[in-house]
Amino acid sequence: MNTLAALFRDVGAPLAIETIRLDPPKQTEVLVRVAAVGLCRTDLHVMRGERRVAMSPMVLGHEAAGVVETIGAAVQNIAPGDHVVLTFIPGCGICRWCAKGLHHLCAEGPRITQGPQLDGTYRRHDAQGNDVGAFCMIGGFAERTVVDQASVVVIDRDIPLDLAALVACGVPAGVGAARHRAKVKPGDSVLVVGCGGDGMNVVQGARLCGATTIIAADIAPLKLDLARGFGATHCVDAQGEQLTRAVLHLTDGVGVNHAFVCIDPASTLLPAFRATQKAGNVVVTAITPDTVKQIDVPPLELFATQKAIMGAVYGFMSPRLQIPELLRLYRRGDLKLRELITRTYTLEDINQGYADLEAGKNLRGVVVFPV
Ligand SMILES: [Zn+2]
Ligand SMILES: [Zn+2]
């Protein structure tokens, strides 16, 4: 079948809206009608060439939800008509990590920037007959996509699909970083540097954990305004040493229990590290451009202050477990999802959506497809 898709063709160029050919699903794959897909900053890093992918053209988009239309003969526990969230790391189910339920560490994870399906072949082809890749084995910037069942989580049908898309990336990344990586406890103090898609969800994750001091730091006034609604108790419009000083001032000079680096770790990790108290945690949830090879942290300072610097992908929990749990929290009224969406776009307007993200106008832009 044919499907409309937004293709990454060249670094620095806008996404190309093209009709591509989509092959039917193979044995373990499903065909999904995409209902909504979030505009995450990671795709922007690819467009700018800051995060290299192995091929082009490639359909970007990795924060998607939709409805299953057809399934391959060997697909289990997924049926046509099911509402699904697509996970940007597949859970192969058989590697040493998946065997322990740690799908966010799946051995197939490093292949998500390569382009092919999980089985190494292609389902998408452009008008010239070239193979087209799928970012994160998802390729969500398209009306329809074919993905392996390893990338599918079935959800309840009462959840609006535009909100379901958000729990494919930004929400679990942020909420999980607070709950499952740092393990924020009641009464703890938290700093969140960068209150975009991930960071705003760290704010609400920290609130869910019972943190009593939640300091939101950003240089976009819009995001600081919004952060209070998600649970921030203090807002800091500063960066670098000024940020560190402001946080120390707010915490009686000792720093926070947990700092979250949710934007540009190259410039924010050290200020966040120094705003963290002794034996505290510094959690990195954001990607760094490939060109940044290292970030300096004075080793004696690390040793003497006994802090932990840790990474968190997908909120450090299997999306198979975390996505249904997050949707339960949403249904109970404990997790804000609708409030995360600033604006919706058509697929044809996707480049405007990314321009708005770059301009700091959007907490989350979402491409919504007409039913
Ligand atoms: Zn993302
Ligand atoms: Zn695996």
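On a predicted model such as this, the values are computed, not experimentally measured, just so you know. Counting begins at 1 with the first residue of the sequence. Both ligands and their constituent atoms are indexed starting at 1 by order of listing.
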Checklist entry - Is there a chain of hydrophobic side chains (I, L, V, M, F, W, Y, each step under 4.5 Å between heavy atoms) that links Val202 to Leu363? => result yes
Next on the checklist: How large, to 10°, is the angle at the Zn ion (ligand 2) when you draw lines to SG on Cys98 and to SG on Cys92?
Outcome noted: 120°
Next on the checklist: Treating Tyr354 as the side-chain partner and Cys40 as the backbone partner, does any N or O pair qualify as donor plus acceptor under 3.5 Å?
Outcome noted: yes
Next on the checklist: With rounding to 10 degrees, what does the angle Cys169:SG / the Zn ion (ligand 1) / His62:NE2 come to?
Outcome noted: 120°
Item to check | Over all atoms of both residues, closest heavy-atom pair of Ala275 and Thr244 | outcome: N-CG2, 3.9 Å
Checklist entry - If the Zn ion (ligand 2) is the vertex, what is the angle to SG of Cys95 and SG of Cys106, rounded to 10 degrees? => result 120°
Next on the checklist: For Phe88 and Tyr314, take the angle between the two ring planes, folded into 0 to 90°, and tell me which bin it lands in: parallel under 30, tilted 30 to 60, perpendicular over 60.
Outcome noted: parallel
